[in-house]
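Data first, discussion second: the structure below is written as structure tokens.
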Amino acid sequence: MLIDKHNRVHDYLRLSITERCNLRCTYCMPSEGIDLTPKEHIMTNDEILDFAKIFVDMGIKKIRLTGGEPLVRKDAKEIIERLGQLPIQLAITTNGILLDRFMDTFKKAGLKSVNVSLDTLDQNKFELITRRDYFDRVYANILQYLDAGFKVKINAVVMKKFNCDEIIRFIDLGQHHNLQVQFIEFMPFGGNQWDWDKGMSMQEILDKAYAHYGKTAVQRISDKANDTGKNYKIAGYKGSFNIISTITEPFCATCNRIRLTADGKLRNCLLATGEMDLLKPYRKGEDIQPLIVENIQAKAAERGGWKNFEELANPDNHSQNRSMILIGG
Ligand code: SAM
Ligand code: SF4
């Protein structure tokens, strides 16, 4: 098992299969764009499968595909079907644009759970934040997946002066649909011009819910082990919501996640700047298991090693991190 020096067992791998994306979300991708890693330094289909097998041998039980946008990779269907053969729970985080082309593949691979990123229910605002006009497709795909019985979560990064006025609309999706909305606090990454004044805290999101529904109607429901968010439900609603408070109340004590970037670098924390290259040694025929153990053991107790909010918020620190699109959320 992959256990770090703080006794946390790591059994969940977030696996980025591409740095490319068909959207340009402002909080994720710098306005000047990104320098893509040359193709020869991106993991091939076979390498992805080999790495996945190595991680499964080391105790990984769940793999979530991410990116960039995982579904834009040309061989995404084959990768998903091959990963579906492993003894793991397979999931995906996607912007939803291409979901309608993948339902059969997901069914074949036993992938039953999709997280779809959607920050607004307003078509014009969608174009503002993503710099593309795909709202109708994403929304139609969400409904299609709900109808087909998939477990659907919506990821929304909540920001002041952008979508904080839509919190109730999002929660109300759960009135008739059995879905979960995950409100995510805005996180700092290289090139995303992070400033916490733009973000909405868990408490501010909750206060909006309390003010609208009344305190007793907003029910705190149980969290699963290793949940990154705090779960809530409105009395009588089919769906629920959850708040991922990475900034104001980090959940590092129960973290079980590690990440592998599309260029084969292991990251033991989203907010840490350090990465360990696995692809180069693997291509040289070296045994990468000891490297993986070393990297996980060295994981910082909290927030990627930044001791407090002030350290994390310091642009000299977080701007050293890669952009989210290159890491894989
Ligand atoms: N393209 C896919 C998508 O958008 O779902 C997968 C990759 S994306 C990087 C994964 C998740 O990271 C998305 O839900 C996105 O909202 C989230 N994300 C990106 N930048 C973020 C930021 N600065 N703060 C919080 N969440 C962020
Ligand atoms: Fe692309 Fe996802 Fe980043 Fe948006 S959040 S730019 S969809 S990778």
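Counting convention: from 1, in listed order, for ligands and their atoms alike. Heavy-atom basis, side chains included; hydrogens, waters and symmetry copies ignored.
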More than 12 heavy atoms of other residues, nucleotides or ligands under 6.0 Å from CZ of Arg20: is that the case? no
Residue part near ligand 1, for Asn192, under 4.0 Å between non-hydrogen atoms: side chain
Do Ile168 and Tyr237 share a hydrophobic cluster, counting only Ile, Leu, Val, Met, Phe, Trp and Tyr and linking them when any side-chain heavy atoms are less than 4.5 Å apart? yes
Cut-off under 2.8 Å, centre atom 3 (Fe) of ligand 2, protein N/O/S atoms: Cys28 SG
Quick test of your reading of the model: are Glu311 and Arg303 salt-bridged, counting only N-O distances below 4.0 Å? no
Report yes if some N/O of Asn155 lies less than 3.5 Å from some N/O of ligand 1; otherwise report no. yes
For ligand 1, does Thr93 get within less than 4.0 Å through its side chain, its backbone, both, or neither, judged by non-hydrogen atoms? both
Are Phe241 and Leu118 connected in a single hydrophobic cluster, I mean Ile/Leu/Val/Met/Phe/Trp/Tyr linked by side-chain heavy atoms less than 4.5 Å apart? yes
Would you mind checking which non-hydrogen protein atom is closest to atom 21 (C) of ligand 1, with the distance to 0.1 Å? Tyr27 CD1, 3.5 Å
Using the rule that two of Ile, Leu, Val, Met, Phe, Trp, Tyr join whenever any of their side-chain heavy atoms come within less than 4.5 Å, decide whether Leu65 and Ile142 are in one cluster. yes
Could you list who else is in Leu128's hydrophobic cluster, with ILVMFWY side chains joined at under 4.5 Å, directly or through other members? none
Not counting sequence neighbours, which residues clear side chain to side chain contact (heavy atoms under 4.5 Å, CB included) with Lys215? List them please. Tyr210
With heavy-atom distances below 4.0 Å as the criterion, list the atoms of ligand 1 near Phe189. 22 (C), 23 (N)
Would you say the side chains of Glu69 and Thr94 form a donor-acceptor pair under 3.5 Å? yes
Atom indices of ligand 1, in the order listed, that fall short of 4.0 Å to a heavy atom of Cys28: 9 (C), 19 (C), 20 (N)
Polar side chain donor-acceptor pair, Asp4 to Asn268, under 3.5 angstrom: no
Near Ile184 (heavy-atom distance under 4.0 Å), the atoms of ligand 1 are 25 (C), 26 (N)
Any side-chain heavy-atom pair of Arg257 and Thr228 under 4.5 Å: yes
Under 4.0 Å from one or more heavy atoms of Asn95, ligand 1 contributes atoms 2 (C), 3 (C), 5 (O)
Fit a plane to each ring of Phe55 and Phe51, take the angle between them on a 0 to 90° scale, and name the class: parallel (under 30°), tilted (30 to 60°) or perpendicular (over 60°). tilted
Sub-4.0 Å atoms of ligand 1 with respect to non-hydrogen atoms of Val157: 16 (O), 25 (C), 26 (N), 27 (C)
Heavy-atom proximity to atom 14 (O) of ligand 1, picking from Pro70, Ser16, Ser117, Gly96, points to Ser117
Sequence neighbours excluded, every pair satisfying ring-ring contact (aromatic ring centres under 6.0 Å, His included) that has a member inside residues 5-35: none
Proximity to ligand 1 by part of Trp194, non-hydrogen separation under 4.0 Å: neither
What's the shortest distance from atom 23 (N) of ligand 1 to any protein heavy atom, and which residue and atom give it? Met187 O, 2.9 Å
Quick one: sort the Phe150 and Tyr145 rings into parallel, tilted or perpendicular, breaks at 30° and 60°. tilted
Ile154 pairs by side-chain contact (heavy atoms from CB on, under 4.5 Å) with which of Asn115, Val114, Leu179? Leu179
Which of the ligand 1 atoms, numbered from 1, are nearer than 4.0 Å to a heavy atom of Gly67: 7 (C), 9 (C)
So which protein heavy atom does atom 17 (C) of ligand 1 come closest to, and at what separation? Met324 CE, 4.0 Å
With atoms numbered from 1 as shown, which atoms in ligand 1 lie under 4.0 angstrom from a non-hydrogen atom of Thr66? 6 (C), 7 (C)
Side-chain touch Tyr282/Asp287, heavy atoms, less than 4.5 angstrom: no
Nearest non-hydrogen protein atom, atom 2 (C) of ligand 1: Glu69 OE1, 3.4 Å
Which residue holds the protein heavy atom closest to atom 10 (C) of ligand 1, what is that atom called, and what is the gap in Å? Gly329 CA, 3.7 Å
For Gly68, take its heavy atoms, then give the atoms of ligand 1 lying under 4.0 Å from any of them. 1 (N), 2 (C), 6 (C), 7 (C)
So, regarding Thr94 and ligand 1 (criterion: nitrogen or oxygen to nitrogen or oxygen, under 3.5 Å), is there a contact or not? yes
Taking a cutoff of less than 4.0 Å between a non-hydrogen atom of the residue and any ligand atom, is Glu185 in contact with ligand 1? yes
Would you confirm whether the ring centroid of Tyr134 sits within less than 6.0 angstrom of the ring centroid of Phe126? no
Would you check the N or O atoms of Gly328, main chain and side chain alike, for any that come under 3.5 Å of an N or O of ligand 1? no
